[in-house]
Amino acid sequence: MRNGGQLLVECLVALGARKAFGVPGESYLAVLDALHDTHGKLDYVLCRQEGGASFMAAAYGKLTGQPGLCMVTRGPGATNAAIGVHTAMQDSVPMILFVGQVGTDMKGREAFQELDYRAVFGTMAKWAVEIDRVERIPEILARAWSTAISGRPGPVVVALPEDMLTSMTDAAPLRGPVEITEPHPDPAAMERLREMLAGAERPLILYGGCNWKGPGTRPIQRFAEASDIPVVSVFRYQDQFDNHSPSFCGEAGVGMMPHVKALIREADVILAINARFGENATDGYTLLDVPQPRQRLIHVHGSDREIGKVYCPELAIQSGPNAFAEALGALAPVKGRWGAWRAEGRAAYEAGFDLPDLPSPVDMGKVCAHLRETLPEDMIVTNGAGNFAIWSGRFLKFGSEARLLAPQSGAMGYGVPAAIAAKLVHPAKTVLCFAGDGDFQMTSQELASAAQAGAQPIILVLNNGIYGTIRAHQERNYPTRVSGTEMTANPDFAALARAYGFHGERVERTEDFAAAFERALASPTGAVLDLVISPEALTPRQTLSQMREGALAAGKGR
């Protein structure tokens with residue numbers, strides 16, 4: 001006999017869970033008690049706030065392809081953790097959020113911290129469920145795990161009534177996870193795909209999504225290079241294809257480069273692989289007509305719910321990304337007269353790294369140039385959300401061994417927890433987080449979690465004293481009327497880092513960055529570098545003043 005908490009933990013260990021991120025609560029004490037005996041098998045990473053814990057779980061799922069686990073208490077704990085669930089859903093990454101719940105004898109009375117989790121998370125998660133009977137724990141956990149990783153991966157929310165967790169049962173724990181084989185593409189569909197590409201004048205490959213494994217997109221790269229076809233990533237998935245390949249032409253995301261827009265708009269055949277066609281990858285759904293694009297569209301996805309959700313493809317192939325990549329790599333290359341089309345896209349991508357000197361004490365263009373030369377090939381880069389994220393997303397190059405953990409949801413505060421999770425998974429790798437000063441302060445308390453867990457990322461705080469993205473929108477739409485976007489009371493970030501046991505250093509000049517970064521790399525405790533950035537250097541090619549002047553010239557403002 002065992003109680004529900006013990007049964008749940010034993011099932012998780014059998015499924016292959018190795019980390020759980022959480023904040024403790026009295027509603028799931030039986031689970032915490034069972035975790036007492038799993039050190040080295042299933043480790044509980046203590047976090048300082050549920051939002052940070054859920055971000056760590058979402059990042060873990062994105063990095064490993066296995067469900068990231070988050071454990072929080074009922075009510076406030078669950079609502080704090082909701083940001084990670086939303087992020088995991090938009091990122092298409094596997095995650096399971098375990099939430100304490102009031103006892104089954106109190107449900108429906110608005111008891112202390114009671115929530116209806118199916119209602120709260122029903123549109124946010126892939127599946128939300130409550131376990132009312134202890135003997136059903138193995139059944140529901142098996143389904144939750146499979147649901148999180150299959151089709152389009154995503155988050156599952158599992159509510160755990162307190163009395164269910166303390167109930168005794170003789171139900172046997174799970175023996176292991178279900179082995180799910182990816183759906184494979186039909187050979188006839190692959191032949192038609194090749195015919196469509198061969199008949200194109202301007203073909204394009206657009207890829208994205210999670211759950212790439214092992215060689216991942218390398219067969220796609222071989223096919224693209226042999227066929228001289230340009231390749232573009234969707235928003236924040238450029239790390240899944242070797243950016244040094246002559247076929248790689250950039251990212252379709254926020255602030256999309258003009259040449260990437262042109263590649264998508266002017267393509268006559270688009271092969272979209274593992275992409276869900278979000279707003280950012282389509283420039284607000286303007287680059288392809290809804291629901292029937294002008295471009296001949298081939299859409300490949302593992303989930304039937306994604307195919308045809310926004311755009312009607314001419315050829316739909318339900319296939320997992322890895323199985324499809326292998327099938328594409330086995331096709332004979334196609335030949336056409338689009339070599340100049342690909343070369344122009346690649347040249348424009350390379351030219352995008354050439355920047356003017358920026359009006360800032362620390363010039364991020366030069367910082368990123370240094371990082372491109374010094375970061376290891378297997379680097380892991382993380383960021384949250386804000387104008388600063390353009391530096392990690394567009395001015396670094398990701399090789400075949402590098403990873404980028406960045407939220408498609410545009411969630412501020414993601415970068416620091418993601419860096420902690422990455423360092424726990426890969427302690428020997430260089431993990432570098434880009435954070436704005438506003439972004440950093442969303443989850444800076446998780447530095448304590450990092451210190452306690454022995455995670456030592458390097459964090460660059462791009463400190464310009466403003467909420468940069470919103471300020472940019474203000475200057476373009478309401479020039480000279482700044483409201484609610486200036487941070488005039490930021491802390492001393494270097495001192496704050498030292499208080500948490502990190503190496504902390506303020507960098508006030510571009511020429512001082514290289515030595516400071518070398519000290520950060522050498523620090524055994526991780527590091528926070530506070531980079532002094534001028535608000536004028538809000539974007540790589542347009543100053544804040546230029547935005548304001550342009551808006552005033554257009555007749556905006558008063």
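Atom set for the values below is all heavy atoms of this structure, side chains included, hydrogens, waters and symmetry mates excluded. Computed from a predicted model, the values in this text were never measured in an experiment.
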request  = Please report the closest heavy-atom contact between A325 and W212, naming both atoms and the distance.
outcome  =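 Looks like CB-CZ3, 4.3 Å.
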
message = How close do G384 and P407 get, counting heavy atoms only, and between which atoms?
response =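 Here G384 and P407 meet closest at O-CD, 3.8 Å.
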
inquiry  = Would the distance check show the side chain of N274 and the main-chain N or O of G208 forming a donor-acceptor pair, the cut-off being under 3.5 Å?
reply    =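 Yes.
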
task = Say whether, by atom type as modelled, one donor and one acceptor occur between the side chain of H86 and the main chain of A411 under 3.5 angstrom.
result =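 No: the side chain of H86 does not pair with the backbone of A411.
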
Output the distance between atom [atom1] ([X]) and atom [atom2] ([Y]), rounded to the nearest 0.5 Å.
X: T510; Y: K366; atom1: OG1; atom2: NZ; value: 6.5 Å
X: D437; Y: Y467; atom1: CG; atom2: OH; value: 8.0 Å
X: I220; Y: Y207; atom1: CD1; atom2: OH; value: 9.0 Å
X: W338; Y: E201; atom1: CH2; atom2: CD; value: 10.0 Å
X: R202; Y: R265; atom1: CZ; atom2: CZ; value: 12.0 Å

message = Taking the ring centre of each residue, are Y237 and F241 less than 6.0 Å apart?
response =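 Y237 vs F241: aromatic centres not under 6.0 Å.
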
key: Proximity of Y349 and F248 rings by center, below 6.0 Å   =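 For Y349 and F248, the ring centres are under 6.0 Å apart.
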
inquiry  = Under the side chain to side chain donor-acceptor pair (under 3.5 Å) test against S92, which residue among R152, H301, K126, E306 passes?
reply    =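 Single pass found, and it is R152.
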
ask   = So does E401 pair up with K429, basic N to acidic O under 4.0 Å?
value =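 A salt bridge is absent here (no side-chain N lies under 4.0 Å from a carboxylate O).
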
query = So, are E350 and K397 salt-bridged, with charged N and O less than 4.0 Å apart?
reply =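 Yes, charged N to carboxylate O under 4.0 Å.
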
Option passing side-chain contact (heavy atoms from CB on, under 4.5 Å) with [X] (candidates [options]):
X: N464; options: V461, I466, L462; result: I466
X: R476; options: M547, R548, R471; result: M547
X: I270; options: I264, I298, L287; result: I264

ask   = Quick check: are there more than 12 heavy atoms from other residues, nucleotides or ligands sitting under 6.0 Å from CZ of R541?
value =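 Yes.
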
message = Looking at Y478, I want to see if its OH is surrounded by more than 12 non-hydrogen atoms of other residues, nucleotides or ligands under 6.0 Å.
response =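 Open.
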
message = Looking only at side-chain N and O atoms, does Q474 offer a donor or acceptor that is under 3.5 Å from a partner on S483?
response =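 No, Q474 and S483 have no side-chain donor paired with an acceptor closer than 3.5 Å.
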
Distance-only donor-acceptor check, side chains S545 and E536, under 3.5 Å =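 S545 vs E536: donor-acceptor pair found between side chains.
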
task = Please work out which of the three classes, parallel, tilted or perpendicular, describes the rings of Y285 and Y311, given edges at 30° and 60°.
result =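 Tilted, since the angle between the ring planes falls between 30° and 60°.
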
